[in-house]
Visitor: 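What follows is a structure written as structure tokens; I'll ask about it next.
Whatever order the structure lists ligands and atoms in, that order sets their numbers, starting from 1. Given the structure is predicted, the values throughout are model-derived calculations rather than measurements. Values below: all heavy atoms of this structure, side chains included; hydrogens, waters and symmetry mates excluded.
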Amino acid sequence: MSDEELDLSTLPDPELVAQMHDDLYDGLAPEIVIGTNLLLERGWSADKVLNEALVEGMRIVGIDFRDGILFVPEVLLAANAMKAGMVILRPLLAETGVQRIGKVVIGTVKGDIHDIGKNLTAMMLEGAGFEVINIGINNPVENYLEALAEHEPDILGMSALLTTTMPYMKVVIDELTARGLRDKYIVLVGGAPLNEEFGKAVGADAYCRDAAVAAETAQALVLARRAAAS
Ligand code: B1M
């Protein structure tokens, strides 16, 4: 039976969830909307739909992206499909006060308007269970400080795609240090011209080579910090 003929409502829950993983992988937003609504109608809680259908689907996408099996256009489509499901779930999750793994403020640095990779990273982080506050592009240090004060995230993420703008990450981190705020946040940096060495040199906690690594690193560092604090 082709995908066009497949009536999602006829599938029992486990098959529907498996089909949603495939549909996420294929970036089929309308199918994800149907599947999400079906599971909710069948009595699934919003966080169960999020974790078992969407986050798990994006985890598979993230692995294949990291391994070079999927490429940026496919991942953007998958991320958009995930977003379509999230639009339905977000208000329900807010209502039930579901515990997210943590909070991230992410933005592209001052002078830089590239946002595709940053948005992809934001979506993967969301897929990994984080609440993400995406503050957009061309952010001077004041924007970061304002967002950190307002949202009190676990993680600050910064993106830069230009060799001329990547040094600005150090400006932001130095300002955090000067204000005694540096250790309050896990700082992750990413963007095509960066590397591990640069991440260390500017004083970030980690350089993330891609969106999938950013999601994995964010999870690992938040959990490690919580474990160390308890
Ligand atoms: Co521009 N651009 N661009 N550009 N652009 C590059 C970056 C460039 C490498 C092209 C080239 O010359 N080969 C070059 C930079 C050279 C350099 O500095 N070494 C360049 C240039 C020079 C410029 C302009 C100066 C061009 C001009 O006007 N003369 C200008 C600058 C504007 C500005 O920012 N002030 C400019 C403008 C533009 C467009 C507006 C046309 C457009 C941006 C549209 C947009 O973003 N909305 C654009 C594009 C599309 C590119 C290329 C072609 C593609 C970038 C992209 O989206 N890649 C790029 C060439 C290239 O990289 N091949 C190029 C796909 C994206 C998914 O990958 O962003 O690397 P990426 O993100 C990855 C990882 O880096 C990582 O995860 C992502 C997903 O895996 N990651 C993070 C990114 N951010 C992260 C944050 C994290 C973690 C991981 O936080 C924790």
Visitor: Just which atoms of ligand 1 are under 4.0 Å from any heavy atom in D112?
Guide: 34 (O)
Visitor: Can you tell me the protein heavy atom closest to atom 5 (N) of ligand 1 and the distance?
Guide: H114 NE2, 3.0 Å
Visitor: Tell me whether G111 reaches ligand 1 (any heavy atom closer than 4.0 angstrom to a ligand atom).
Guide: yes
Visitor: According to a 4.5 Å side-chain heavy-atom criterion applied to Ile, Leu, Val, Met, Phe, Trp and Tyr, with indirect links allowed, do V49 and V17 form part of one hydrophobic cluster?
Guide: yes
Visitor: Rounded to the nearest 0.5 Å, how far apart are CG of L28 and CG of D26?
Guide: 5.0 Å
Visitor: Considering only protein heavy atoms, which is closest to atom 50 (C) of ligand 1, and at what distance to one decimal place?
Guide: I116 CD1, 4.4 Å
Visitor: So between A211, A214, A218, A192, whose heavy atom ends up nearest atom 75 (O) of ligand 1?
Guide: A192
Visitor: May I ask you to identify the nearest protein heavy atom to atom 32 (C) of ligand 1, giving residue, atom name and distance to one decimal place in Å?
Guide: I113 CG1, 3.6 Å
Visitor: At less than 4.0 angstrom from any non-hydrogen atom of R209, what atoms of ligand 1 do you find?
Guide: 74 (C), 76 (C)
Visitor: Any idea which atoms of ligand 1 are less than 4.0 Å away from a heavy-atom of F65?
Guide: 80 (O)
Visitor: Could you establish whether T164 and ligand 1 come within less than 4.0 Å of each other, counting only heavy atoms on the residue side?
Guide: no
Visitor: Run the salt-bridge test on D205 and R182 with the 4.0 Å N-O cut-off and return the result as yes or no.
Guide: yes
Visitor: So which protein heavy atom does atom 25 (C) of ligand 1 come closest to, and at what separation?
Guide: L162 CD2, 4.3 Å
Visitor: Protein heavy atoms: any of them under 4.0 Å from atom 72 (O) of ligand 1?
Guide: yes
